[in-house]
Structures are given as structure tokens and as C-alpha cells.
Amino acid sequence: MNAPNENLALTHDDPLVIAGRAYRSRLLVGTGKYKDFAQTRAAIDASGAQIVTVAIRRTNIGQNPSEPSLLDHLPPSQFTLLPNTAGCYTVEDAVRTLQLARELLDGHTLVKLEVLGDPHTLFPNVRETIRAAEILVKDGFEVMVYTSDDPIAARELEAIGCVAIMPLASLIGSGMGILNPWNLKLIIEQAKVPVIVDAGVGTASDACIAMELGAAGVLMNTGIAGASDPARMARAMRRAVAAGRDAFLAGRIPRRRYATASSPVEGRPGS
């Protein structure tokens with residue numbers, strides 16, 4: 001049974017702030033790859049997520065009036081919808097897709113930008129991503145941007161005005177986890193906006209590690225939707241993100257080459 005406030009106590013006084021808005025959950029989730037909208041809603045409820053991504057090119061949110069709409073199951077009054085440009089390979093397609101989303105969602109400006117460079121790896125085309133980000137920021141969008149784990153590209157995207165940087169942990173949908181923690185740490189240390197680890201998270205330990213590195217949050221879709229029991233995995237990811245954040249704030253002990261006694265005698269009376 002899912003307790004609504006489970007593992008979220010610390011997040012009430014440690015909110016995730018994006019574009020001036022505060023969220024108690026640091027887990028962001030996607031809405032694709034589920035068998036139906038009912039399963040989507042069940043998994044998202046179990047995740048505790050408040051921000052949910054929507055692939056505008058693949059999901060109906062009103063552009064096809066004769067088809068079931070995701071908004072009937074995930075209304076904007078209950079969730080912050082994050083339209084994204086999944087499946088876009090050019091600047092023009094990405095910009096047009098988010099302009100359509102803004103029209104469909106009554107002027108909504110918080111969006112996730114991704115411009116892909118290759119259909120086999122789904123690796124981002126960073127040059128095109130930067131161009132699209134420049135256009136969208138000038139057009140009044142609040143851009144959360146998916147990018148590679150390149151600290152220089154991340155710095156450029158932040159300088160453009162993106163409100164969150166979203167470097168990949170590994171390839172989209174791969175479940176390979178965090179392959180380059182050192183680069184992610186560099187991005188996190190230099191950024192003045194939230195860094196959300198995006199893509200490649202396969203299980204709860206991956207999410208926990210991302211948060212222990214100091215990430216502001218984690219976004220995932222396949223890791224939950226592709227699990228045998230999506231709602232149970234969503235609940236596990238929720239706990240992992242909260243635990244990882246708590247561990248980061250607590251400050252881990254330094255790694256040592258040799259043992260340190262758990263009950264030291266030095267300094268005690270009679271020693």
C-alpha cells in the first residue's frame with residue numbers, strides 16, 4: 001500500500017526549485033511506454049512525482065480531439081506537465097513542437113528540450129540543441145535542456161538562459177546507469193541552476209547514486225515503465241531519490257585506505 005507522504009518528509013524543507021517554482025519531489029517521470037493511461041497514472045502516483053514529461057509528437061494532449069487524451073488522466077491542475085521534444089532531430093522540429101505545446105496548454109512555457117543526433121543511440125546533437133535553446137529562450141520559454149555529459153556544453157546552455165541542465169547518465173532507455181560520474185560531478189559543481197540527471201537510469205541504486213553526487217533531481221521513464229511491475233519500481237525510485245538526497249545533505253565519510261575503529265579508545269579515560 002502506497003502512503004502518500006512516505007519518504008518525503010525531508011523534501012518539505014528542501015524543495016526542488018525550477019524557474020522560481022518549488023516542488024517537494026525531486027523525481028521527475030515520463031509518461032511513455034506504458035500499456036495504457038491507467039497504468040501510467042498508477043505508476044506516477046506511486047512515484048510521488050509532481051513534474052511529468054509528455055512527448056508531444058507521440059502523446060495526445062488535445063491535438064487529436066477524436067482520441068483519448070493524457071490530460072484526462074494527468075490533469076494540469078494536479079501535475080506540472082513538461083512538454084518535451086522527444087523524436088526531434090532538427091532545430092525547426094523542436095521549436096515547432098514546443099510552440100504547439102504552448103498553444104495546447106494555454107500558454108504553458110516550462111518545457112524540456114531535446115534535439116537528437118542519431119536514431120540508433122538517441123545521443124543528443126549538442127550543436128543543434130544550443131541553437132534551439134537560444135531560439136526558445138528568446139521566445140519566452142523556460143527551457144530544461146537534455147544534453148550530453150560535457151561540462152562545457154552544460155555551461156554554454158546555462159549561459160543561454162536554460163533553467164535546468166539535464167545531462168544523460170547513459171543512453172536513453174539503456175538502463176546502463178551512471179557511466180561517467182566524474183563528468184556529472186563537474187557539471188553539478190559548476191552549475192547555478194538545477195542539474196537533473198536524465199536518461200539511462202535502470203534501477204533504484206542508479207537514482208540513489210545520482211542524488212549522492214549532488215544532482216538536484218532525476219528524470220526517468222523506461223526504468224519505471226519497462227519494469228515488470230511499474231508501480232512497484234516507481235515506489236522504489238521514489239525512495240531511492242529521497243535516500244540519495246538525504247545522504248548527500250548528511251555528508252558521507254571520506255574514503256580511507258585503511259580501517260578506522262568504530263569504537264576508538266584514543267581520548268577516552270584510562271587510554
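All of these numbers come straight from a predicted model, not from anything done at the bench.
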| Going through the checks in order, is the side-chain contact (heavy atoms from CB on, under 4.5 Å) test met by Phe79 and Ile51? | CA-CA 6 Å; Phe79 299 92; Ile51 301 176; over 6 Å; no
| For Arg21 and Glu142, what are the C-alpha separation, side-chain angles and deciding distance, and is it a salt bridge (charged side-chain N to carboxylate O under 4.0 Å, His left out)? | CA-CA 12 Å; Arg21 292 182 288 276; Glu142 297 166 310; 3.0 Å; yes
| said: Between Asp14 and Leu249, does the side-chain contact (heavy atoms from CB on, under 4.5 Å) criterion hold? Intermediate values first, please. | reply: CA-CA 10 Å; Asp14 177 41; Leu249 294 177; 3.5 Å; yes
| task | Check the pair Asp118, Thr121 against side-chain hydrogen bond (donor to acceptor under 3.5 Å, both in side chains), reporting the backbone distance first and the verdict last. | result | CA-CA 6 Å; Asp118 179 82; Thr121 65; 3.2 Å; yes
| said: Run the side-chain contact (heavy atoms from CB on, under 4.5 Å) test on Glu128 and Tyr89 for me, step by step, so that the C-alpha distance in whole Å, both residues' side-chain angles and the decisive distance to 0.1 Å come before the verdict. | reply: CA-CA 8 Å; Glu128 294 288 278; Tyr89 290 84; over 6 Å; no
| task | Using the side-chain contact (heavy atoms from CB on, under 4.5 Å) rule, take Lys33 and Arg58 through it: C-alpha gap first, then chi angles, then the decisive distance, then the call. | result | CA-CA 10 Å; Lys33 303 184 179 181; Arg58 300 169 181 163; over 6 Å; no
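The backbone N or O of Asp36 sits less than 3.5 Å from a side-chain atom of Thr40, completing a donor-acceptor pair. Here the side chain of Arg235 pairs no donor or acceptor atom with the backbone of Pro230 at under 3.5 angstrom. The backbone N or O of Glu114 sits less than 3.5 Å from a side-chain atom of Thr85, completing a donor-acceptor pair. The backbone N or O of Ala191 lies less than 3.5 Å from no partner atom in the side chain of Arg155, so there is not a single donor-acceptor pair. Counting only distance, with no hydrogens or angles, the side chain of Thr129 and the backbone of Asn125 share a donor-acceptor pair below 3.5 Å. Gln39 places a side-chain N or O within donor-acceptor distance of the main-chain N or O of Lys35, the cut-off being under 3.5 Å. Listed for the Gln50 side chain is a donor-acceptor partner under 3.5 Å among the backbone atoms of Arg24. Formation of a donor-acceptor pair under 3.5 Å by the Thr53 side chain with backbone atoms of Asn84 is not found in this model. Although no hydrogens or angles enter the test, the distance criterion places a donor-acceptor pair under 3.5 Å between the side chain of His108 and the main chain of Leu81.
The cluster map of Ile, Leu, Val, Met, Phe, Trp and Tyr, joined by side-chain heavy atoms under 4.5 Å apart, puts Val195 and Val218 in different clusters. The cluster map of Ile, Leu, Val, Met, Phe, Trp and Tyr, joined by side-chain heavy atoms under 4.5 Å apart, puts Ile187 and Val197 in the same cluster. In the hydrophobic clustering of this structure, Val143 does not group with Met166; members are Ile, Leu, Val, Met, Phe, Trp, Tyr whose side-chain heavy atoms approach within less than 4.5 Å, directly or through other members. Placement of Val201 and Ile178 in two distinct hydrophobic clusters is found when ILVMFWY residues are connected by side-chain heavy-atom separations under 4.5 Å, directly or transitively. Under the 4.5 Å side-chain heavy-atom criterion for grouping Ile, Leu, Val, Met, Phe, Trp and Tyr, Val145 is connected to Val95 within one hydrophobic cluster.
With sequence neighbours left out, Asp229 forms a salt bridge (Lys or Arg N to Asp or Glu O under 4.0 Å) with Arg232. Residues satisfying the salt bridge (Lys or Arg N to Asp or Glu O under 4.0 Å) criterion with Asp139, sequence neighbours excluded, are Arg102.
Side-chain contact between Thr97 and Arg57 is present, with heavy atoms from C-beta onward closer than 4.5 Å. Contact check for Leu184 versus Pro167: side-chain heavy atoms found under the 4.5 Å cut-off. Between Ile18 and Met144 the shortest side-chain heavy-atom distance falls below 4.5 Å. At a threshold of 4.5 Å between non-hydrogen side-chain atoms, the residues Leu74 and Ile44 count as touching. Here the side chains of Leu110 and Val163 are in contact, with some heavy-atom distance below 4.5 Å. Inter-residue side-chain proximity for Leu116 and Phe123 is flagged as unmet; no heavy-atom pair is nearer than 4.5 Å. Leu70 is listed as a side-chain neighbour of Val54, based on a closest heavy-atom distance under 4.5 Å. Taking the side chain as every heavy atom from C-beta outward, Leu105 and Leu71 approach each other to under 4.5 Å.
Scanning both residues, Ala164 and Ile196, for their nearest heavy atoms gives CB-CG1, 4.5 Å. Shown here for Cys162 and Ala133, the closest heavy-atom pair between the two residues is SG-CB, 3.9 Å. In terms of heavy atoms, Ala231 sits closest to Ala46 at O-CB, 3.4 Å. Heavy-atom minimum distance, Gly32 versus Ala225: O-CB, 3.4 Å. Listed here is the closest heavy atom pair of Ser69 and Phe37: C-CE1, 3.7 Å. Nearest heavy-atom pair across Val91 and Ala132 is CG1-CA, 3.9 Å.
If you take OG1 on Thr222 and CG on Leu171, they are separated by 11.5 Å, rounding to the nearest 0.5 Å. From Ile160, atom CD1 reaches atom CD of Glu134 across 4.5 Å, with rounding to the nearest 0.5 Å. The distance from atom CG of Leu27 to atom OG of Ser47, rounded to the nearest 0.5 Å, is 5.0 Å. The structure places CG of Asn180 at 8.5 Å from CG of Leu186, a figure rounded to the nearest 0.5 Å. Distance CG/Asn221 to CG/Leu219: 8.0 Å, rounded to 0.5 Å. With rounding to the nearest 0.5 angstrom, the OH atom of Tyr23 is 8.0 Å from the CG atom of Leu16.
Residue pairs satisfying the side chain to side chain donor-acceptor pair (under 3.5 Å) criterion with at least one member in residues 192-206, sequence neighbours excluded, are listed as follows: Lys112-Asp198.
Side-chain N/O atoms of Gln78 and Arg41 include a donor and acceptor closer than 3.5 Å.
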